[in-house]
4 protein chains.
Amino acid sequence: MRRPRAGRAAPEERQEHILKAALEVFSEHGFAAARLDDVARRAGVAKGTLYLYFPDKETLFERMLQSVAAPALALLAHLAQDENVPPAAALSALLAFFEKEVLGTPREKVIRLIVSEGPRFPRLAKFYYDEVVSKGIAAIRSIAAREKQGAFDAEALSQFPQLIFAPLLMSVIWRSLFSQFEPLDVPALLAAHRTILLKSKGEHES
Amino acid sequence: MRRPRAGRAAPEERQEHILKAALEVFSEHGFAAARLDDVARRAGVAKGTLYLYFPDKETLFERMLQSVAAPALALLAHLAQDENVPPAAALSALLAFFEKEVLGTPREKVIRLIVSEGPRFPRLAKFYYDEVVSKGIAAIRSIAAREKQGAFDAEALSQFPQLIFAPLLMSVIWRSLFSQFEPLDVPALLAAHRTILLKSKGEHES
Amino acid sequence: MRRPRAGRAAPEERQEHILKAALEVFSEHGFAAARLDDVARRAGVAKGTLYLYFPDKETLFERMLQSVAAPALALLAHLAQDENVPPAAALSALLAFFEKEVLGTPREKVIRLIVSEGPRFPRLAKFYYDEVVSKGIAAIRSIAAREKQGAFDAEALSQFPQLIFAPLLMSVIWRSLFSQFEPLDVPALLAAHRTILLKSKGEHES
Amino acid sequence: MRRPRAGRAAPEERQEHILKAALEVFSEHGFAAARLDDVARRAGVAKGTLYLYFPDKETLFERMLQSVAAPALALLAHLAQDENVPPAAALSALLAFFEKEVLGTPREKVIRLIVSEGPRFPRLAKFYYDEVVSKGIAAIRSIAAREKQGAFDAEALSQFPQLIFAPLLMSVIWRSLFSQFEPLDVPALLAAHRTILLKSKGEHES
DNA sequence: TATGAATGAGCCTTCATTCAT
DNA sequence: GATGAATGAAGGCTCATTCAT
């Protein structure tokens with residue numbers, strides 16, 4: 001059914017091959033230094049073929065990043081929505097999600113690319129803010145709002161959900177820069193992060 | 001005083017002009033997309049002049065980053081060395097230092113460039129690990145080692161000093177990506193960070 | 001016949017056009033001063049096209065010289081191989097070959113370029129020594145070895161076949177340098193050369 | 001007396017240093033690829049100093065070549081002028097002169113440079129034709145005119161004095177191109193050349 | 001006179017994009 | 001649709017020449 005001809009992928013598959021190749025190449029070299037020749041070769045298509053699917057390098061770059069982000073949205077969204085999950089557990093679930101679904105996956109590369117190239121791609125930064133970041137922020141706030149037992153400093157975290165994500169971002173960046181000099185045990189770091197957050201009960205001190 | 005002649009800067013000044021211009025241009029476009037023409041123009045020198053001071057684009061890039069890093073080292077070092085400062089105060093001092101000496105200064109741009117370009121410049125990553133990061137890590141461990149009163153979770157922070165820095169990194173990156181969509185009150189975020197850290201006393205629970 | 005479409009030459013043709021243009025431009029300016037822009041323009045291709053056929057200027061230069069040399073080899077080889085031709089006649093044939101197949105042809109320019117640029121292109125000098133010069137030398141020796149009748153000084157020429165070629169080289173160089181001041185009648189010079197060689201019988205005087 | 005200040009050469013010496021350095025550098029790289037920086041360094045002067053002695057690169061090149069040629073003229077001239085020397089001896093003297101005064105001396109390099117760069121420097125070619133070549137040609141003709149005894153083919157050599165010089169040129173070029181593959185015993189080659197010339201008596205034998 | 005830092009035009013090479021097949 | 005040869009604008013780097021000292 002699929003593949004009406006041998007050796008020739010269906011259009012959707014080709015698009016996926018291209019996007020996959022693009023992620024690899026852009027990750028390795030950054031946007032400006034990435035060569036579409038490489039993308040085409042790794043995708044197993046001719047260079048001109050890229051232009052049948054994407055109008056230019058910039059658009060390919062943005063679409064590629066969005067294509068990886070999209071599937072993550074559902075996952076992210078439902079973390080906050082299950083009202084029955086206790087906040088502390090939701091927090092743990094978030095860290096576990098990061099550990100399992102981000103670390104060592106294409107999503108980790110995407111985070112690095114957003115961080116690196118975002119400032120030069122305002123449209124991209126906006127997309128990520130709108131579709132991923134603001135939703136993550138809202139999710140944390142929603143979780144924090146449900147926290148009534150003082151398991152953690154709900155006020156601080158509600159005001160600055162970034163503090164939850166900061167060690168995740170740090171992990172991604174450390175791994176890309178310093179792993180070879182000093183490996184980072186990310187699960188242990190996340191555990192320590194969780195410990196600190198849960199110890200910092202809100203009501204005692206201002 | 002020396003050579004007040006107009007139109008010709010002293011060699012050290014010219015080098016500084018070039019480094020300053022380089023920081024700006026590389027920050028705006030990233031390494032690969034930066035044009036040395038722009039650097040020269042902003043430095044007020046001819047293109048060829050760049051090559052009197054630096055052998056090539058890559059070296060200019062690395063030297064520029066190192067030139068900003070170098071002065072920071074002294075500051076960083078003495079944060080940890082004053083044994084009379086109570087650990088919690090040292091922590092506060094660190095955050096204050098970041099707020100005052102990094103945010104909105106060239107150092108902030110340098111951090112962004114390290115994060116963005118480091119993976120493609122292993123020598124650079126190594127330099128920053130050796131000269132800045134590992135020293136910062138050691139400084140935190142030294143502070144944590146002096147903590148006897150349980151003002152914060154010395155064990156967790158001693159094991160993962162990265163957790164101290166994570167919100168600083170997050171701040172830098174947020175500002176470069178999302179400030180226009182949602183401004184971040186970094187001093188307040190740092191205060192919340194400090195609050196959480198100080199509340200998370202080590203020995204009691206968990 | 002094949003692909004009569006206008007405006008687009010067949011790949012082999014384009015390569016030939018490029019090589020032809022390269023010979024002209026390199027001949028006119030020498031390697032270092034030749035501009036690939038000129039080569040491209042004369043070949044009727046875009047500058048980038050050159051790089052589809054040759055990896056860099058140096059390689060284009062060497063390949064161009066080899067492309068002219070290659071066809072000459074066959075001609076050169078068979079001059080010495082026909083055992084039935086009397087040595088004196090072979091000698092005459094050699095001079096006639098030079099007159100007809102070198103003078104005023106691309107091969108003359110190639111000789112000039114080898115002479116001029118060879119010292120800076122050791123690979124090139126080696127190629128010419130291996131493929132052209134040493135074979136020519138061997139050919140002369142083979143001819144001289146067959147000389148039993150004392151038509152010329154077989155011993156001297158066998159030891160120094162260069163003496164046969166020297167006036168040919170002189171002709172090429174004279175034409176490139178001094179023709180405008182004093183034209184050189186090369187056929188007559190070669191005739192005189194032949195006369196001298198044939199008069200210098202070996203056995204008489206030491 | 002000379003050198004009014006230590007470490008600072010007299011102007012004429014400096015000029016000589018520059019010319020000497022120029023010969024070396026131009027010989028090694030050819031005109032276009034030679035760098036005046038190198039010339040200055042080898043001459044032990046600053047780059048700007050070159051321009052105090054020569055208006056530009058081209059003029060330096062030409063003057064340098066002329067400076068080496070000039071002293072040769074006297075030598076060349078008197079070879080032909082001594083009417084008492086028998087022609088055959090004059091011929092031998094010419095070859096000996098080449099062997100001793102050209103081979104392995106700066107003059108050899110100059111010949112190579114004339115050959116290589118002459119076509120791009122018409123003024124240079126003219127200078128050499130007028131000052132050196134035409135005089136050498138005339139000298140040979142003058143010698144040949146005195147040959148009455150049939151020691152060599154006076155007619156052929158009178159018509160084409162180039163035939164005398166051809167092996168000399170060949171020697172210079174061979175040494176620059178192929179010596180490393182096949183050394184050339186130039187004195188022996190010149191002896192063979194002389195033998196052939198002297199054997200080729202004019203009108204007697206066909 | 002001598003210096004050498006500064007200049008900027010020029011050239012090789014790359015690569016995103018186009019287009020004839 | 002798919003290909004990949006062709007294009008040509010752009011940029012890093014060099015180096016002859018100038019000029020303030």
Side-chain angles (χ1 to χ4, degrees), chain A residues 5 7-11 14 32-41 44-60, chain B residues 3 5-11 14-15 32-41 44-58 60, chain C residues 3 5-11 14-15 32-41 43-58 60, chain D residues 4-5 8-11 14 32-41 44-58 60:
Chain A
R5 245 9 109 71
R8 193 137 238 154
R14 308 201 107 199
R35 280 174 295 149
L36 293 190
D37 252 333
D38 283 350
V39 174
R41 192 170 325 108
V45 303
K47 200 164 23 156
T49 304
L50 300 180
Y51 288 83
L52 298 175
Y53 291 86
F54 306 95
D56 56 22
K57 189 186 186 185
E58 206 169 312
T59 307
L60 167 59
Chain B
R3 242 169 326 139
R5 214 157 293 274
R8 212 69 159 207
R14 305 205 111 201
Q15 175 139 178
R35 280 176 298 144
L36 293 189
D37 254 336
D38 283 349
V39 174
R41 186 167 24 259
V45 301
K47 209 183 343 176
T49 304
L50 301 181
Y51 289 85
L52 296 177
Y53 292 87
F54 306 95
D56 56 23
K57 188 185 185 185
E58 203 168 315
L60 167 58
Chain C
R3 240 167 327 138
R5 217 157 293 273
R8 212 70 158 204
R14 305 204 112 200
Q15 175 140 176
R35 282 176 296 145
L36 292 189
D37 252 335
D38 283 348
V39 175
R41 186 167 25 258
V45 302
K47 212 183 338 179
T49 304
L50 301 181
Y51 289 84
L52 296 177
Y53 292 87
F54 306 96
D56 56 23
K57 190 186 184 183
E58 204 169 314
L60 167 59
Chain D
R5 239 21 104 68
R8 193 140 241 151
R14 308 202 107 199
R35 279 173 295 149
L36 293 189
D37 253 333
D38 284 349
V39 174
R41 193 173 319 111
V45 302
K47 202 168 16 159
T49 304
L50 300 180
Y51 287 84
L52 297 176
Y53 291 86
F54 306 95
D56 56 23
K57 189 186 185 185
E58 206 168 312
L60 166 59

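Chain letters run A, B, ... following the sequence lines, proteins first and then strands; every chain starts at 1.
- Comparing E:dG4, F:dG11, E:dC12 against the side chain of C:Leu36 picks out E:dC12 as the nearest.
- Distance from the side chain of B:Thr49 is smallest to E:dT7 among F:dG12, E:dT7, E:dA16.
- Atom CG of A:Asp38 is separated from atom C1' of E:dC15 by 11 Å (rounded to the nearest Å).
- Between C:Leu36 and C:Leu60 the shortest side-chain heavy-atom distance falls below 4.5 Å.
- Heavy-atom nearest nucleotides on DNA chain F were determined for A:Val45 and for B:Ala34, and the one closer to the 5' end corresponds to A:Val45.
- Regarding contacts with the backbone of F:dG1, every side-chain N or O of A:Arg14 stays at 4.0 angstrom or more from both OP1 and OP2.
- Within the 4.0 Å cut-off from OP1 or OP2 of E:dT7, not a single side-chain nitrogen or oxygen of B:Arg41 is found.
- Evaluated for a side-chain contact (heavy atoms from CB on, under 4.5 Å) with A:Val45, the options A:Leu52, A:Val39, A:Leu50 yield exactly one hit, A:Leu50.
- Rounded to a whole Å, the CZ atom of A:Phe54 is 15 Å from the C1' atom of F:dA2.
- When both pairing distances are held under 3.5 Å, F:dC19 makes a Watson-Crick or G-U pair with E:dG4.
- Taking only side-chain atoms of B:Asp56, from C-beta outward, the nucleotide of F:dT18, E:dT7, F:dC13 with the closest atom is F:dC13.
- Of all heavy-atom pairs between C:Arg14 and C:Gly44, the closest is NH2-O, 4.2 Å.
- The listed nucleotides are E:dT3, E:dT18, F:dG12; the one nearest the side chain of A:Tyr51 is E:dT18.
- Protein atom NZ of A:Lys57 is 17 Å distant from nucleotide atom C1' of E:dT18, rounded to whole Å.
- When every heavy atom of A:Lys57 is checked against every heavy atom of A:Ala34, the shortest pair comes out as NZ-O, 3.0 Å.
- Per the geometry, CG belonging to D:Leu50 stands 11 Å off C1' belonging to E:dT3, to the nearest Å.
- The CG atom of C:Asp38 lies 5.0 Å from the CZ atom of C:Arg41; values are rounded to the nearest 0.5 Å.
- We find that CD of B:Glu58 is positioned 18 Å from P of F:dG11, with the value rounded to whole Å.
- Nearest to the side-chain atoms of D:Lys47 among the listed nucleotides F:dT17, E:dG10, E:dT13 stands F:dT17.
- Within the 4.0 Å cut-off from OP1 or OP2 of F:dA6, at least one side-chain nitrogen or oxygen of C:Tyr53 is found.
- Judged by closest nucleotide on DNA chain E, C:Arg35 is the one of C:Arg35 and A:Ala32 placed further toward the 5' end.
- Counting to the nearest Å, the C1' atom of E:dA5 and the CD atom of B:Gln15 are 14 Å from each other.
- With F:dA5, E:dT7, E:dA16 as the candidates, the nucleotide lying closest to the side chain of C:Leu52 is F:dA5.
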